[in-house]
Every structure is written in structure tokens, then in C-alpha cells.
Undergrad: 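Let me give you the structure first, and then I'll get to my questions.
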Amino acid sequence: MAFTGAVGEAGRRERRTLVLSAFPGEADAVLSHTALDPDPVVIAGGRHFYLGAIAGKKVIVAMTGIGLVNATDTTVVALARFGIGAVVFSGVAGGAGRTRIADVAVPARWTLDHGRTFRPVDPDMLGEAGKLSVALESVVRRIDLRRRPRVVVGGDGCSWDNNNGVAFPCIPNGGDVFGCQPRTAPDWSRRYTGNFRQAGGRWLRSALISNLKIVSSSDPAFDATDMETAAAQAVADEYGIPFLGIRGITDGPGDPLRLPGFPFQFFCYKRIAAVNAARVTAAFLRNWAGA
């Protein structure tokens, strides 16, 4: 299989939906629904993009990396490089308000400043999401949630991180949360180091201490709280491109084990949350007419 760092003129003109995820487990869940193109890999700005189709709709799948800076930078590179008709962020989040573990939140608006200001998502995309009926997983690691997770459309989402304005570094071979590539990526390599060399030193100097403080990712004011969606949305809005955030809930209410919140719930339920978010993303793309 040939991998390329360039896109032909047809690829530049062709409108695709950009589907973003933050860390490997989220991106693997999206790739499980993706039929890759014959030559799917494009490297731009040091980031890997995977061309294919989900439910028959042309997409570009990319892993941003964790945090606001990584989400911003990856979205900027993608929108400057490719012909993008819409952006969808598929990943996991803390839940509260109306959402419980394994539910999927599709907020109507997102904030980067803890609710002082909001950006609305695309109303047509949100309206289509409101029509979805998706069978979501309710059992993970033999843990039965004893209820049927649901898609919660509308409400508010919040994105933040405690990386003090620097990029969070991936860890080579760091697994399905901290790793540098989706495990199912067509160009996966043990030697790939992502942004570790560029970002590691600065992050250790500027953000290690702040990250040692455990902060709950659940806030009753928001249906979803994460570290990327609103940053990607801000870039999409600047380019005038429709945007929607789809987030499966990892931590918050509805835990049959009664684990003590984040990060314990996150590591227990991250897989089911990512899988459910990707299912909703695939169902949305199947039903949506497109930008």
C-alpha cells in the first residue's frame, strides 16, 4: 500500500466530512466503521489523515491528540489542506446534567470559557441528530449498566484542559489513551512518535504539575465536558464550515460500580463510551444528506 504526503487536485476539490477523535481508542472506534480508500494515508503538518467512507459518505478520519491545543492545530491543518464540507468530533466526555455513563451527548452549543460564551453547532446537523434511533452498547467488561443508554440531543457542552496553553504530548506505544496512533490505522508503526519529541519537553516544564491535580470532568451545568470539541468548533466556525460534536459519556452519574469519579470511571468505561459515540457518528452520516 502506498502512503503519500500529498493530495491531488481532485482530492482538494472533493468535499468530505472531517471526523475527528482525540486519542487512539476513540479513533479506532471510528475506523471500525470506515471503509478506507485504496491509498488512504495523507500526512500533512506532521499529522496523519485517513481517507475513506462511513456509511457511504466520503470522510477524512484524524486523531487530534488530547487537549485544546492539539485539537486546534489538527483542525487548522485539515481545513487548510483538504476540501472539507463539515466537521464532526466523535469521542468521549464527562457527563452530568441529563447524561449518564455510556449515553451519547450531542450538545446544541459549546463553550471554551466555562459558560460565559457559547458557540452553537450547525442547526441542520443538530436537527438530523435529533431524528436518530441508535442501539447503544450497555455491557462492558461483563459490567451490565442495567439500563439502555440513550442519545441526548441538545443542551450544553464544555471543553477545557489544564495544559497551560501547550500541547499535550502523546507517548509512543502508549496504548489506547496516550498513544500516538490509532491501533487500527493502516500505517500504524511502533516507531511512530507523533508529537512526543516536539511537545514533551515544553509540556513537562509548563503543564506537568497542573496535570497532577485530579479535576472532575463532570459538571452538572453541562451534558458533556471534554478537552477538545469546542476548540475544533472554533476553527470550523472561522472557516464557515458546519460542525457537530458527538460525545459518549465515560464518567458521571449512572455507574453500577459506584467508582469514585474521574479518572477511575474514565478508564473503566472509555471503551463503551467511544464505541457508542462512533455508532452515533456512523448513524448520523448514514442519514445526513451532507453539507
Side-chain angles (χ1 to χ4, degrees), residues 1-7 11 18-32 34 36-37 39-52 59-82 84 87 89-92 159-212 226-229 231-232 235 250 263 266-267 270-271 274 277-278:
M1 182 178 292
F3 302 127
T4 178
V7 179
L18 176 66
V19 182
L20 299 171
S21 296
F23 58 77
E26 295 173 333
D28 281 324
V30 172
L31 286 171
S32 73
T34 306
L36 293 171
D37 288 358
D39 294 309
V41 181
V42 176
I43 300 173
R47 290 162 174 82
H48 292 221
F49 298 90
Y50 306 110
L51 280 61
V59 298
I60 299 173
V61 177
M63 191 185 93
T64 64
I66 294 170
L68 299 177
V69 173
N70 285 326
T72 298
D73 291 349
T74 303
T75 311
V76 167
V77 169
L79 299 191
R81 184 63 178 272
F82 302 101
I84 302 297
V87 180
F89 210 113
S90 177
V92 308
S159 298
W160 67 283
D161 70 23
N162 53 355
N163 291 303
N164 295 328
V166 301
F168 188 92
C170 68
I171 300 174
N173 302 305
D176 64 351
V177 175
F178 301 110
C180 298
Q181 274 185 300
R183 187 65 180 84
T184 56
D187 61 344
W188 184 85
S189 170
R190 290 187 179 277
R191 294 178 292 178
Y192 181 64
T193 60
N195 72 341
F196 178 75
R197 291 172 181 166
Q198 299 93 331
R202 187 177 181 190
W203 183 85
L204 286 171
R205 293 190 299 271
S206 303
L208 173 62
I209 299 302
S210 63
N211 270 263
L212 293 177
D226 64 45
M227 295 190 285
E228 298 86 20
T229 304
V235 177
T250 56
F266 170 84
F267 282 103
K270 59 183 170 57
R271 180 194 170 277

Undergrad: Within this structure, what is the CD1-CG distance for the pair Ile66 and Asp161, rounded to the nearest 0.5 Å?
TA: 10.0 Å

Undergrad: Please tell me if the side chains of Val235 and Val87 come closer than 4.5 Å, counting only heavy atoms from C-beta onward.
TA: no

Undergrad: Would you call Arg271 and Asp176 a side-chain contact if the rule is heavy atoms closer than 4.5 Å?
TA: no

Undergrad: Would you check if Phe49 and Arg81 make a side-chain contact, meaning some heavy-atom pair closer than 4.5 Å?
TA: no

Undergrad: With a cut-off of 6.0 Å (strictly less than), are more than 12 heavy atoms of other residues, nucleotides or ligands near OH of Tyr192?
TA: yes

Undergrad: Name the one of Pro24, Pro40, Pro182 that satisfies side-chain contact (heavy atoms from CB on, under 4.5 Å) with Leu31?
TA: Pro182

Undergrad: Within a strict 4.5 Å, meaning less than it, do heavy atoms of the Ser159 and Leu68 side chains meet?
TA: yes

Undergrad: What heavy-atom pair brings Asn173 and Arg190 nearest, and what distance separates the two atoms?
TA: ND2-O, 3.2 Å

Undergrad: Of Asn195, Asn163, Asn70, which meets side-chain contact (heavy atoms from CB on, under 4.5 Å) against Pro169?
TA: Asn195

Undergrad: Contact between Ser90 and Glu26 at the side-chain level, heavy atoms closer than 4.5 Å - yes or no?
TA: no

Undergrad: To the nearest 0.5 Å, tell me how far Met63 CE sits from Leu20 CG.
TA: 11.5 Å

Undergrad: Would you check if Tyr50 and Val41 make a side-chain contact, meaning some heavy-atom pair closer than 4.5 Å?
TA: yes

Undergrad: Between Arg191 (side chain only) and Ser189 (backbone N and O only), is there a donor and an acceptor less than 3.5 Å apart?
TA: no

Undergrad: Nearest heavy-atom pair of Met227 and Trp160: which atoms, and what distance?
TA: CG-O, 2.8 Å

Undergrad: Determine, stepwise, if the pair Trp203 / Leu208 fulfils side chain to side chain contact (heavy atoms under 4.5 Å, CB included).
TA: CA-CA 6 Å; Trp203 183 85; Leu208 173 62; 3.7 Å; yes

Undergrad: Which label fits Phe267 and Phe178: parallel for a plane angle under 30°, tilted from 30 to 60°, or perpendicular past 60°?
TA: tilted

Undergrad: Any chance you could measure Leu18, atom CG, to Ile60, atom CD1, to the nearest 0.5 Å?
TA: 6.5 Å

Undergrad: Run the side chain to side chain contact (heavy atoms under 4.5 Å, CB included) check on Asp187 and Gln181 step by step: do they pass?
TA: CA-CA 9 Å; Asp187 61 344; Gln181 274 185 300; 3.2 Å; yes

Undergrad: Got a donor-acceptor contact below 3.5 angstrom from the Thr64 side chain to the Thr74 backbone?
TA: no

Undergrad: Are the side chain of Asp226 and the backbone N or O of Val92 linked by a donor-acceptor pair below 3.5 Å?
TA: no

Undergrad: Taking all non-hydrogen atoms of both residues, which atom of Pro172 and which atom of Phe196 are closest, and how far apart?
TA: CD-CG, 3.7 Å

Undergrad: So which atom in Gly194 and which in Cys170 form the shortest heavy-atom distance, rounded to 0.1 Å?
TA: CA-SG, 3.8 Å

Undergrad: Quick check: closest heavy atoms across Ala44 and Val77, and the distance to 0.1 Å?
TA: O-CG1, 3.5 Å

Undergrad: What's the shortest heavy-atom distance between Val166 and Ser206, and which atoms?
TA: CG1-CB, 4.2 Å

